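All heavy atoms count here, side chains included; hydrogens, waters and symmetry mates do not. These numbers were taken from a predicted model, which means no experiment stands behind them.
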Amino acid sequence: MICGLQFGEPTRKTGKTPVPEEFDPTSEDHLLQEAARALGVGGWRVDTVHGQIHLCARACALFGIAESGPRPAHEGLAHYVPEHRERLLEAYRRCVSEHEPYDVEFRIAPAEGGERWLRAVGRPEFDECGRVVAVKGGLLDIDAYKRRELELSEARRVAEQTDRAKSEFLSAMSHELRTPLNAIVGFAQLLNTDAEEEPATQRDYLRHILSAGWHLRDLVGDVLDLARIEAGKTSLTLEPVSARDLIQECMRLIRDTAAERGVSVRLEGCPEDRSLFVHADRLRAKQVVLNLLTNAIKYNREGEQVTLICSQADGVACIDVVDTGAGIAPGDQQALFQAFERLGREFGEIEGAGIGLALALKLSRLMGGDLELVASTPGQGSRFRLTLPTVNAVGWDRHRSPSLDPRLMEERSDDPALRLLAVEDNTINMLLLSGLVAKRTGVELLEASDAATGLELAQRYQPELMLIDMHLPDMDGFDLGRRLRRVPGLERVPMVALSADATDETRRRALEEGFDDYLLKPFEIEQLDALIREARLSKE
C-alpha cells in the first residue's frame, strides 16, 4: 500500500483523475519527473543536423514564450542578454567539437520583461557512427540563488571597503594625532631638561606646544563631530544668527593665524548693522566659516590675500571665501569634500587630516544650506561659497557675542574688582584656571572642587561671574546651576558652563537651563578675558 493505493486492486472513485492500473509511483521515470517538477527543471534538445531546438513546456515557461513545436536554433540567441551570448556559443562549440559537458550560467530577457538567471547543463548525443547529432540537457531556474549570491557579493565588497576605510582611517589618525603629540611632548621635555635656555628660545618652544595643542584639539573635535553626524546623533539648535556678528567673530579669530603666515584678510559686503540674519546653529555656522578661512590662509602663499564676501539674494545669504593661493587641479576637485582626502598633500608641511571640508559640507546641509567650490584655477586660487537660509529677526539679540564689543578686548586701570566663582573638581584644570586668572588685575578667584562647596561660597560671597564644570563628584552641573539661580542675588549673575563635552545636545541643554554661555575645554585665554570684561561692564 503506497499513498492509499494497493497494486492489483481497481482504482477507487474519488472524483480525481483515475490512476492507470500499471502506474508505479516508485519507478525511476516517475521519480525523475517529480524531481524535475520540484526543482523547476526544463528539458531542451538542439538538433545539430537540422538546426532546430526543442523545448519542453517548463523550458518554454522559463523563457517566457508560448509552447510550440521545434523552432530554428538561431532564434534562441535573441532571448539571451548580449553580454552572455558569446559565452553560450563558446560552450556549445566545445560541447559539439570537443565533446565537453555543456554547463553554463547566463541571464535571459524573457518576453514578459525583466531579466532572469538560468543554468543550462547538457551533453552531446551521438549517432551509430559516433557523430554528434544533438546536444540535450536540462534548464534550471537559478534566479533566486544568483540574486542572493550577488547580494552577498555586494555585502562582502562593502564590508571589505569598510575594513579598508577603517584601516586607512586608523593609519591617518595615528599619523595626525602623533604629529602634534610629538611636538607637545618633545618641546615640553626640552623646557624641562634645560631650565637655563634663552627666554626667546623658550618662548619659541612654547609657541610650538600651543600650536600643536590647538591643532590636536581641533582634530579630535572634527573626528568626533563627523562620527556623530554619520551615526545620526547630531542635534543642532537652529535660530536667527546675525551674519555680521558671525563674520566679524570669525575674522577676529583668524587674525593672528593670517598675520603669522603673512596673508592679508579683507571683508567685502558685510552689512554695517545687524539687519541680516541667517537661520543656523551659531556655533556650527562659525565652525564652517572658520574652516573655510583657515584653509584659505593655510594653503595660500606669503604676501597673498584672502577675501570674505557677504551677499544675499532670494532668501539666501552667501558667504564667499576667496583666496589667491595654489588652487586645486580639476582632477582633484571631485574628491575635495571626501573625508580624509588631502589631495596628495598628506606628507606636506601643512597640518590637517582631510576632515574639515567633509564635516563643513555635512553641517551646512544639516542647517538647510550648502557648501560648494565655485571656482578654482591652479596657480591662481579658489572660491568657496557657503549658503544659509535668511530669516526675518529684527531685534533678535539672544546670542550677541561679547567678543565683538571693542571694550572687551583690553583691560583698563579703572576696571572694578570682580569675584569669580569656579567650581571644578579636576586639580590640574583648577590650577590652570587660577594661573590664567592671576594674570588679570582685580579678579578674586573663589575655588570649589565640588558642588556643595561652590554653593556655600556663592551664598557667602555673592560672585559676579560663575564658571561651573558640568561633571562634579557630588552632583552634575545642571543641578548646581538650578540651585545657584535660586540663591537670592544670583538670579541674573552671568553663569557659564565649563565642559569637555562637545555634543550639541549638552550645549543646547545648558543654554535652555539658564546658563548664559558654554565654554568648551580647552578654551582660549581670549574667551576667558571676554567673559571677565563682559561681567565687569554689566556692573557699570
Side-chain angles (χ1 to χ4, degrees), residues 172 176-177 179-180 183 207-208 210-226 245-268 270 280-310 319-328 336-343 345-346 348-364 369 371-374 376 381-386 388 401 403 502 520 522-524 526-527:
E176 293 300 331
L177 291 172
T179 297
R207 182 176 60 82
H208 287 301
L210 281 173
S211 176
W214 293 129
H215 172 59
L216 187 60
R217 179 202 64 174
D218 294 341
L219 177 61
V220 171
D222 284 350
V223 170
L224 293 177
D225 284 342
L226 191 62
D245 288 358
L246 170 67
I247 290 171
Q248 288 193 347
E249 184 174 4
C250 291
M251 294 287 282
R252 180 187 68 81
L253 291 172
I254 55 89
R255 181 178 55 196
D256 292 342
T257 302
E260 288 176 4
R261 294 183 178 270
V263 176
S264 62
V265 182
R266 65 189 183 95
L267 178 60
E268 291 182 5
C270 185
D281 181 293
R282 182 174 64 102
L283 181 65
R284 298 308 189 183
K286 183 174 74 172
Q287 185 176 350
V288 174
V289 176
L290 280 176
N291 177 266
L292 296 179
L293 287 170
T294 303
N295 283 347
I297 293 169
K298 284 197 309 183
Y299 294 103
N300 216 325
R301 297 179 289 253
E302 186 175 357
E304 297 293 337
Q305 75 175 17
V306 172
T307 305
L308 191 151
I309 305 170
C310 181
I319 299 175
D320 287 22
V321 175
V322 185
D323 68 73
T324 54
I328 304 165
L336 191 60
F337 293 98
Q338 294 180 11
F340 310 109
E341 177 60 66
R342 294 203 62 202
L343 309 181
R345 298 172 180 173
E346 295 83 352
E349 296 180 356
I350 300 175
E351 297 173 335
I355 302 175
L357 278 179
L359 177 60
L361 176 63
K362 292 179 182 294
L363 289 173
S364 302
L371 180 63
E372 62 177 327
L373 174 66
V374 177
S376 186
S382 305
R383 184 184 190 118
F384 287 85
R385 174 171 296 164
L386 166 67
L388 291 170
S401 174
S403 61
L520 188 62
F523 54 85
E524 301 176 42
E526 290 83 355
Q527 292 175 290

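Separating the CG atom in L292 from the CD1 atom in I297 is a distance of 11.0 Å, to the nearest 0.5 Å. Expressed to the nearest 0.5 Å, how far CG of N291 lies from CD1 of I254 amounts to 12.5 Å. The distance from the CG atom of L308 to the CZ atom of F384 is 13.5 Å, given to the nearest 0.5 Å. Rounded to the nearest 0.5 Å, atoms SG (C250) and CD1 (I319) are 7.5 Å apart. The distance from atom CG of N295 to atom CG of N300, rounded to the nearest 0.5 Å, is 11.0 Å. The CG atom of L386 sits 5.0 Å away from the OG atom of S364 when rounded to the nearest 0.5 Å.
Taking the side chain as every heavy atom from C-beta outward, Q305 and V265 never approach each other to under 4.5 Å. Between V289 and L293, the closest side-chain pair of non-hydrogen atoms falls below 4.5 Å. Contact annotation: the side chain of C310 approaches that of I247 to within less than 4.5 Å [non-hydrogen atoms, C-beta and beyond].
Look at R261 and E302 and you find no salt bridge, because none of the NZ, NE, NH1 or NH2 atoms lies under 4.0 Å from a carboxylate O.
Here the shortest heavy-atom pairing between L246 and R282 reads CD1-O, 4.3 Å. Minimum interatomic distance between E249 and K286 (heavy atoms only, all atoms of both residues): OE2-NZ, 3.2 Å. Annotation for T307 and I309: closest pair CG2-CG1, 3.8 Å, computed over non-hydrogen atoms. Closest approach of I328 to S376, counting heavy atoms only: N-OG, 2.8 Å. Scanning all heavy atoms of the two residues, the minimum distance from L359 to Q287 falls at CD2-NE2, 3.3 Å.
A search for salt bridge (Lys or Arg N to Asp or Glu O under 4.0 Å) contacts involving D320 returns R383, R385, not counting sequence neighbours.
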